[in-house]
Amino acid sequence: MFHVSYSMKNGFTLIELVISIFILVVAIIGVYNSFSTVVVLTAGASSRFTASYLVQEGIEIVRNMRDNNWLNNQDWKTGISDINTDCSSGCEAYYQTGTSMDTRSGLTAFGSSGNYLNIKEGVFYSYDNTGSFVTTKFKRKITITKPNPLTTDVLKVSVLVTWKEKDENFSFQAEEYLYNWY
């Protein structure tokens with residue numbers, strides 16, 4: 001004949017249930033923490049990426065001023081580092097600085113705290129705040145010094161971009177040497 005055996009254990013015990021819920025909670029919290037960290041890092045990456053381009057643009061501005069001086073048969077440091085321009089404490093400039101499209105006459109002093117860069121869709125960053133320009137969170141300081149006081153054919157250009165995000169200050173900096181090789 002057949003013998004049917006029934007086990008008294010038909011479900012989970014309370015301890016097994018508590019342990020399985022604990023494991024699920026730990027896994028969910030781990031995934032949530034990882035996701036929130038990725039979101040924070042991604043948001044900051046966009047600002048760092050923009051800052052790196054603004055630093056490079058600052059160096060390019062000074063390089064273009066030097067090149068325009070050569071093309072206009074002027075001293076290569078005119079408006080960059082001469083008796084009328086002292087950027088050893090910092091200057092500001094935007095992409096059109098020193099061109100016919102610029103209403104200013106070259107580099108301007110950085111001031112005590114500097115000005116925020118403004119942007120208009122499809123236009124370069126600028127200090128112009130008229131019309132539909134929108135103020136950004138970025139400030140750019142261009143410092144131009146002579147690495148060796150005895151050398152007149154080399155300038156050190158250092159560009160620092162600073163910004164504030166969620167009550168924390170950030171910065172990105174690069175430097176380059178410009179030579180009078182013409």
Side-chain angles (χ1 to χ4, degrees), residues 5-67 87-97 101-102 107-145 147 155-178:
S5 166
Y6 290 101
S7 171
M8 296 298 283
K9 190 174 181 182
N10 288 335
F12 295 109
T13 65
L14 186 59
I15 293 175
E16 291 172 329
L17 187 61
V18 168
I19 291 172
S20 62
I21 289 173
F22 175 75
I23 291 171
L24 283 172
V25 167
V26 168
I28 290 170
I29 289 173
V31 168
Y32 175 76
N33 283 340
S34 298
F35 181 73
S36 64
T37 301
V38 166
V39 168
V40 168
L41 291 175
T42 303
S46 173
S47 295
R48 286 189 301 275
F49 192 64
T50 302
S52 70
Y53 276 119
L54 288 172
V55 164
Q56 183 61 38
E57 183 184 66
I59 292 171
E60 290 295 326
I61 289 167
V62 179
R63 183 182 290 128
N64 286 340
M65 290 176 72
R66 176 201 60 185
D67 295 349
C87 289
S88 59
S89 298
C91 284
E92 293 179 336
Y94 61 96
Y95 196 79
Q96 296 170 345
T97 298
M101 298 169 67
D102 182 22
L107 299 166
T108 58
F110 186 74
S112 60
S113 63
N115 295 308
Y116 287 99
L117 285 161
N118 302 309
I119 190 166
K120 182 178 181 180
E121 189 173 327
V123 179
F124 292 106
Y125 283 85
S126 170
Y127 291 105
D128 184 6
N129 58 4
T130 60
S132 59
F133 278 91
V134 177
T135 301
T136 68
K137 58 186 167 186
F138 300 102
K139 293 182 180 182
R140 178 170 51 206
K141 182 178 185 180
I142 301 171
T143 306
I144 303 170
T145 56
L155 292 176
K156 178 181 173 184
V157 179
S158 180
V159 180
L160 173 68
V161 171
T162 57
W163 71 98
K164 192 173 195 173
E165 200 167 298
K166 296 182 182 175
D167 294 329
E168 192 171 348
N169 293 320
F170 294 93
S171 65
F172 196 93
Q173 183 172 7
E175 60 185 41
E176 184 171 313
Y177 292 91
L178 292 182

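Predicted, not measured: the structure shown is a model, and the values here were computed from it. We count residues from 1, following the sequence as given.
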Atom [atom1] of [X] and atom [atom2] of [Y]: how far apart are they, to the nearest 0.5 Å?
X	Y	atom1	atom2	value
Leu178	Ile144	CG	CD1	8.0 Å
Ser158	Ile142	OG	CD1	10.0 Å
Ile119	Tyr94	CD1	OH	14.0 Å
Tyr127	Lys139	OH	NZ	10.0 Å
Ile28	Leu24	CD1	CG	6.0 Å
Gln56	Ile61	CD	CD1	10.5 Å

Please check this pair: side chain of [X] against backbone of [Y], looking for a donor-acceptor N/O pair closer than 3.5 Å.
X	Y	value
Lys141	Phe110	no
Glu92	Asn115	yes
Arg140	Val159	no

Looking only at non-hydrogen atoms, find the nearest pair between [X] and [Y] and report the distance.
X	Y	answer
Cys87	Leu107	SG-CD1, 3.5 Å
Leu54	Tyr125	CD2-CD1, 3.5 Å
Leu117	Thr136	O-OG1, 2.6 Å
Thr143	Ser88	CG2-O, 3.3 Å
Trp163	Phe172	CZ3-N, 4.0 Å
Ser47	Lys137	OG-NZ, 2.8 Å

Are Thr162 and Asn169 close enough, and set up right, to give a side-chain contact (heavy atoms from CB on, under 4.5 Å), and what steps lead you there?
CA-CA 7 Å; Thr162 57; Asn169 293 320; over 6 Å; no

Could you tell me whether Phe170 atom CZ has more than 12 heavy atoms of other residues or ligands within 6.0 Å of it?
yes

Using a 6.0 Å cut-off, check whether atom CD1 of Ile15 has over 12 heavy atoms from anything other than its own residue.
no

Have a look at Leu17 and tell me which of Ile19, Ile21, Thr13 forms a side chain to side chain contact (heavy atoms under 4.5 Å, CB included) with it.
Ile21

Go through the steps for Ile23 and Ser20 under the test side-chain contact (heavy atoms from CB on, under 4.5 Å), then give the verdict.
CA-CA 5 Å; Ile23 291 171; Ser20 62; 5.7 Å; no

